[in-house]
Amino acid sequence: SSRVLWTLAVTQLKKRCQKKMAHHAETREMKITQEEMEKEKIPLDLRDYCAHLLPALNKCRVQNYHLPWKCVEERHAYEGCKWDDYVYRMKKQQMAKEGKH
């Protein structure tokens, strides 16, 4: 009986996660334009859904001579965004494997 409850809980969690993923996919959009990225000289390989955080991070780095203990908030925001994007893509890939995309 505990195995049945566990399976039911996991199934419900997967359904909630799929609904959240579907909503996230609908609302996902670039927050910086192509022209702004060109103006800020953001490399092509970094032009993703987190690119809007790079101008502030790069400006802070230049102002602080790239000292690793500076720009903590900006770096944390950028790295958090990259992690969220990675998790989103892995979940999307898993759903595609399961045939639910």
Side-chain angles (χ1 to χ4, degrees):
S1 84
S2 65
R3 184 169 174 84
V4 172
L5 289 175
W6 175 256
T7 304
L8 182 61
V10 169
T11 304
Q12 289 174 347
L13 185 61
K14 279 185 179 180
K15 286 180 183 177
R16 272 190 264 147
C17 193
Q18 288 170 356
K19 285 180 185 177
K20 188 175 181 182
M21 289 289 296
H23 173 71
H24 185 65
E26 292 170 7
T27 60
R28 200 161 188 218
E29 62 185 45
M30 293 293 289
K31 296 178 182 177
I32 187 171
T33 65
Q34 190 71 26
E35 292 79 22
E36 291 171 324
M37 287 189 280
E38 288 173 8
K39 179 183 166 202
E40 295 291 336
K41 298 179 182 165
I42 295 175
L44 291 175
D45 62 326
L46 297 178
R47 294 183 185 188
D48 57 9
Y49 288 100
C50 300
H52 64 283
L53 298 169
L54 276 175
L57 176 59
N58 289 337
K59 182 179 178 183
C60 181
R61 285 177 170 165
V62 169
Q63 289 174 343
N64 292 289
Y65 305 103
H66 290 268
L67 295 173
W69 57 87
K70 299 287 186 175
C71 309
V72 175
E73 293 84 12
E74 293 88 347
R75 190 175 68 244
H76 182 73
Y78 179 70
E79 290 174 352
C81 181
K82 293 295 274 188
W83 174 256
D84 291 343
D85 184 54
Y86 169 77
V87 170
Y88 170 79
R89 288 183 289 111
M90 292 302 109
K91 287 180 180 178
K92 189 173 179 180
Q93 182 181 15
Q94 185 64 33
M95 288 172 53
K97 280 183 182 179
E98 294 173 358
K100 298 178 183 176
H101 68 110

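In what follows, residues are counted from 1 in the order of the sequence shown.
Here the CD-CG distance, from Gln63 to Asn58, works out to 11.0 Å after rounding to the nearest 0.5 Å. Taking NZ of Lys41 as the start and CG of Leu46 as the end, the distance is 15.5 Å to the nearest 0.5 Å. Here the straight-line distance linking atom CD of Glu40 with atom NZ of Lys59 works out to 9.0 Å at 0.5 Å rounding.
What you find for Cys81 and Leu53 is that their closest heavy atoms are CB-CD1, 3.7 Å. Here the closest non-hydrogen pair linking Leu57 and Arg75 is CD1-N, 3.6 Å. Contact detail for Arg61 and Cys71: the closest heavy-atom pair is N-SG, 3.5 Å.
A 4.5 Å side-chain heavy-atom check between Ile32 and Leu54 finds every atom pair outside the cut-off. Inter-residue side-chain proximity for Cys50 and Tyr78 is flagged as met; some heavy-atom pair is nearer than 4.5 Å. Residues Gln34 and Arg47 meet the side-chain proximity criterion, which asks for heavy atoms closer than 4.5 Å.
Across Lys91, Arg89, Met90, a single residue satisfies side-chain contact (heavy atoms from CB on, under 4.5 Å) together with Val87, and that is Lys91.
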